[in-house]
Every structure is written in structure tokens, then in C-alpha cells.
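This is a predicted model, so every value here is computed, not measured.
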Amino acid sequence: MTAVLKNDVFLRALLREPVPYTPIWLMRQAGRYLPEYKATRARAGSFMGLAQNTEYATEVTLQPLERFELDAAILFSDILTVPDAMGLGLDFVQGEGPRFAHPLRDEADVARLAVPDMDKLRYVFDAVASIRRALDGRVPLIGFAGSPWTIACYMVEGRGSTDYRQIKTMLYARPDLLHRILEINAEATCRYLNAQIDAGAQAVMIFDSWGGVLADGLYQAFSLAYTRKVIAGLKREHEGRRVPVIAFTKGGGQWLEDIAASSCDAMGLDWTVNLGQARARVGDAVALQGNLDPMTLFGSAEAIRAEARRTLDSFGPVGQGGHVFNLGHGISQFTPPEAVTELVDEVHSYSRRLHASK
């Protein structure tokens, strides 16, 4: 039997329903800035050893909730699990990050590409189910995936990139090959997220980390079009509740209207976007998530609290517009955990006053 959800403020905010305060969670909240994560990671032996072990993945997902009064948990995994299941040979190199042994560089590579058997990702779905049981209704669980474009960047480049030369060469020289990759990625991502929802994810987020490197027009054609395909194929109800979808394009501030029209329930914003202006541009058609600069957490306690208040104030009047507080990108591995304590406390205490006075 599914446990009754004790704190659904995060889900209600995503659906622009009345809430008593602004909920908060942090991208990469389970991770390298926490000493307990480092200890579990050492026991696991490798990143994938951690992600593919149900017990470890459950443990690290819950670790930040033991420290901080966060309003949601997010599955501990990686956006590159899907291309790994496609046979590209994912490895995490110390000091370098993720790398693929078999990047997609020519027509033959792309011709071999196929939507993977979801059984190869069973470890992810087992982790989702395990985390839901361990949460016991404490807060909702977020599932996630990379956008088709962002995954394609890694698949073609073979690793992270500063100039995206390989994938942009393919985009301009052989757009047909790139569209095939993106079609396959969209189908795989849709199946992957639906399987996470079936396993117990109560909201899902699509991370378009590299959409912002595209030119206007090309963003819509090569990134957003495929994110829209994913969203269109998602299950939007499970266990008798709406399953909200958050779409986040880092560097996508110039395309807010386009993203808001993608049928997502909420739009993630990086720290370069003014929340109030974003809300004025899209109305209250979607909730907004964000968008504190992650580097704020290296400031003093007073500075952190002041920036939290400024972010909440910039959203504007509470009411029908939903706001989920978050960072504008992932938390830095060097962040002092006590800074997060200050942030969460200020977001909750200050936003309670805002909501009480509406």
C-alpha cells in the first residue's frame, strides 16, 4: 500500500495551487558537498557502482533530507544512463567526468543506434521504488532525465565540451543524422520517464543542460521540438494524482514563451533570468522553479538570507502563480552544508510571512 503523502507543498506549487509557503529543493542536493555522500561513494567504489546499487542509491537520495527540511527528494542517478543502455560505454573518469567509449561520429554509428530495452535500466526503476518506500510519504520523489538534445551532445562529443564542435558539425553538415539521434533519444526518454512514474516518481524533470548553446531557431528545431515530444508522451496521472513535469533549459532565458508552450507544468530558470520578468512574459500559465545563483552559498549567512529574500520578492505576489525555490543550476561540490541550512530556513520562514500576508 502506498504511504499517504505528508508534505505535498512541492506538488501543489508545481500545479499552481494554494500553498502555505514556498517549497524548496536543490538540483544535485544528494551529492559531493555532503561528507556522508562521500563516505557512501567510497563504499560503492565508483559512481556507477553507487547509481546501480539500489541500497546505495536509496541511501544517498535520503541523506540531504536528514540534514535539511527540503520539500522534495530527487532520484540519485545520472542523465547518461539512457545512452549507456544504448551501448555507448559510459565511464566516469576521475577529474574528467563522464566519457563514452563509443561516441556517434558517422552514418554507421547512427544507423546502429536504437531505443534500448528498458530492462537494462531496471536498476533505476528499482531505486525509484525503493526510495518511495523509504520516504514513507515524507516528501514527494522527483524522477528525471536529460533532454534528447543534451544527451545527444554527450553521445556525439563523447564527453563534456566547451565548443560543441562535433555535434554542431553534424547539425550543420548532416542534420538528418542528428534528427535520427534525437528521434531515438526522445522515444527512449519518454519510455524511461514513464517507467520511473510507474515505479513511483511523483513528478519528473527534463534537464536541457546544453540547450542554451544553440542559436535561435536551431534551439526550437533541435532541442525544444524533441523535449515537446517527450512531454507529449508522458503519463500525467498516476496513483490518482497529477504527475507534474518540469522543463529546464540552462541558458534558455530568451525562449521562455516557447518553453512555457511545451505543455510542461513548470519551467526551471537559471540565475540570469529575473523571476518577475519571466512571470510577466508567460503569465501564470506555468509554475516557475529557481533560481538562486549556486555561488550565493559561498557568501555569509546574512548574504545567503538576503539573496533568498530577494529571489522570493522578485517572483512577485503569491497567489495563483506557483513558485518552487531552487538554485539556477546544480549545487557546487565545494558548498559548505551549513550554507544550505541557512538557505532552507530563510526560504521557509520568509515565504511563510509572504503567504500569510497575501
Side-chain angles (χ1 to χ4, degrees), residues 46-54 57 75-93 96-128 143-161 164-171 173-199 201 204-211 213-214 222-234:
S46 68
F47 178 88
M48 290 306 286
L50 191 61
Q52 293 178 341
N53 181 294
T54 302
L75 163 71
F76 181 81
S77 187
D78 193 86
I79 64 171
L80 300 181
T81 52
V82 172
D84 182 47
M86 293 174 175
L88 271 64
L90 177 62
D91 189 24
F92 284 83
V93 181
E96 290 185 33
R99 191 164 64 186
F100 284 115
H102 311 294
L104 308 177
R105 293 291 169 79
D106 57 33
E107 197 155 352
D109 292 336
V110 176
R112 285 191 294 269
L113 195 66
V115 175
D117 183 342
M118 288 295 124
D119 275 345
K120 293 181 179 178
L121 292 158
R122 177 60 48 195
Y123 65 92
V124 176
F125 315 136
D126 288 346
V128 170
F144 72 93
S147 73
W149 162 257
T150 291
I151 293 172
C153 287
Y154 284 101
M155 293 164 73
V156 175
E157 295 288 339
R159 63 183 74 190
S161 177
Y164 302 88
R165 180 170 56 87
Q166 299 289 350
I167 193 162
K168 286 193 174 185
T169 296
M170 184 181 286
L171 185 156
R174 289 296 305 273
D176 57 314
L177 296 185
L178 184 51
H179 279 300
R180 173 171 161 75
I181 295 170
L182 293 167
E183 286 281 1
I184 291 169
N185 285 357
E187 176 62 28
T189 302
C190 189
R191 293 189 195 180
Y192 181 56
L193 288 175
N194 279 336
Q196 289 185 39
I197 292 167
D198 285 341
V204 293
M205 181 161 171
I206 301 169
F207 284 88
D208 187 24
S209 304
W210 306 126
V213 307
L214 286 165
F222 287 90
S223 181
L224 187 59
Y226 291 94
T227 293
R228 291 177 69 116
K229 287 192 176 194
V230 174
I231 295 173
L234 290 179

Qualifying residue, where the test is side-chain contact (heavy atoms from CB on, under 4.5 Å) with Asn185 and the options are Pro83, Ser147, Pro148: Pro148
Steps toward side chain to side chain contact (heavy atoms under 4.5 Å, CB included) verdict (Arg165, Thr169): CA-CA 6 Å; Arg165 180 170 56 87; Thr169 296; 4.1 Å; yes
Nearest-0.5 Å distance that lies between atom CD1 in Ile231 and atom OH in Tyr226: 15.0 Å
Check the pair Leu171 / Leu214 against side chain to side chain contact (heavy atoms under 4.5 Å, CB included), numbers first and verdict last. CA-CA 10 Å; Leu171 185 156; Leu214 286 165; 3.7 Å; yes
Stepwise side chain to side chain contact (heavy atoms under 4.5 Å, CB included) test for Phe222 and Lys168: CA-CA 11 Å; Phe222 287 90; Lys168 286 193 174 185; over 6 Å; no
Verify, without hydrogens or angle tests, whether Glu157 (side chain) and Ile167 (backbone) share a donor-acceptor contact under 3.5 angstrom. yes
Which atoms form the tightest heavy-atom contact between Leu177 and Val110, and what is the distance? O-CG1, 3.8 Å
Measure the shortest side-chain to side-chain distance between Ile206 and Leu193 over non-hydrogen atoms and say whether it is less than 4.5 angstrom. yes
Taking all heavy atoms of Pro98 and all of Phe92, pick out the closest pair and write down the distance. CB-CE2, 3.7 Å
Nearest heavy-atom pair of Arg191 and Val115: which atoms, and what distance? NH1-CG1, 3.7 Å
Return the orientation label for the Phe144 and Phe207 ring planes: parallel under 30°, perpendicular over 60°, tilted otherwise. perpendicular
Contact between Tyr154 and Leu90 at the side-chain level, heavy atoms closer than 4.5 Å - yes or no? no
Say whether, by atom type as modelled, one donor and one acceptor occur between the side chain of Asp84 and the main chain of Leu80 under 3.5 angstrom. no
Nearest heavy-atom pair of Ser77 and Val124: which atoms, and what distance? OG-CG2, 4.1 Å
Drop me the distance from Gln52's CD to Leu121's CG, to the nearest 0.5 angstrom. 9.5 Å
What's the shortest heavy-atom distance between Ala57 and Phe76, and which atoms? O-CB, 3.9 Å
Please report the interatomic distance CD(Gln196) to CE(Met118), rounded to the nearest 0.5 Å. 10.0 Å
Step by step, would you call Asp126 with Thr54 a side-chain hydrogen bond (donor to acceptor under 3.5 Å, both in side chains)? CA-CA 6 Å; Asp126 288 346; Thr54 302; 4.7 Å; no
Would you find a donor on one side and an acceptor on the other, under 3.5 Å apart, between the side chain of Trp210 and the backbone of Trp149? no
To the closest 0.5 Å, what do you measure between NZ (Lys229) and OG1 (Thr189)? 12.5 Å
Yes or no on side-chain hydrogen bond (donor to acceptor under 3.5 Å, both in side chains) for Thr81 and Tyr192, after CA distance, side-chain angles and deciding distance? CA-CA 10 Å; Thr81 52; Tyr192 181 56; 2.9 Å; yes
Partner set under side chain to side chain contact (heavy atoms under 4.5 Å, CB included) for Asp91, not counting sequence neighbours: Val93
The reported gap from CE in Met170 to CD in Glu107 (rounded to nearest 0.5 angstrom) is 9.5 Å
Could you walk me through whether Cys153 and Tyr164 satisfy the side chain to side chain contact (heavy atoms under 4.5 Å, CB included) test, starting with their C-alpha distance in whole Å, then the side-chain angles of each, then the deciding distance to 0.1 Å, before giving a yes or no? CA-CA 7 Å; Cys153 287; Tyr164 302 88; 4.1 Å; yes
Taking all atoms of both residues into account, what is the closest heavy-atom pair of Met155 and Ile181, and its distance? CE-CG2, 4.3 Å
Ignoring hydrogens and angles, tell me if any N or O in the side chain of Arg180 forms a donor-acceptor pair with the backbone of Leu113 under 3.5 Å. yes
Mind checking what makes salt bridge (Lys or Arg N to Asp or Glu O under 4.0 Å) contact with Arg228, not counting sequence neighbours? none
First locate atom OG1 of Thr150, then atom CD1 of Ile79, and finally report the distance between them rounded to the nearest 0.5 Å. 6.0 Å
Would you indicate whether the side-chain heavy atoms of Arg122 and Asp119 approach each other to under 4.5 Å? yes
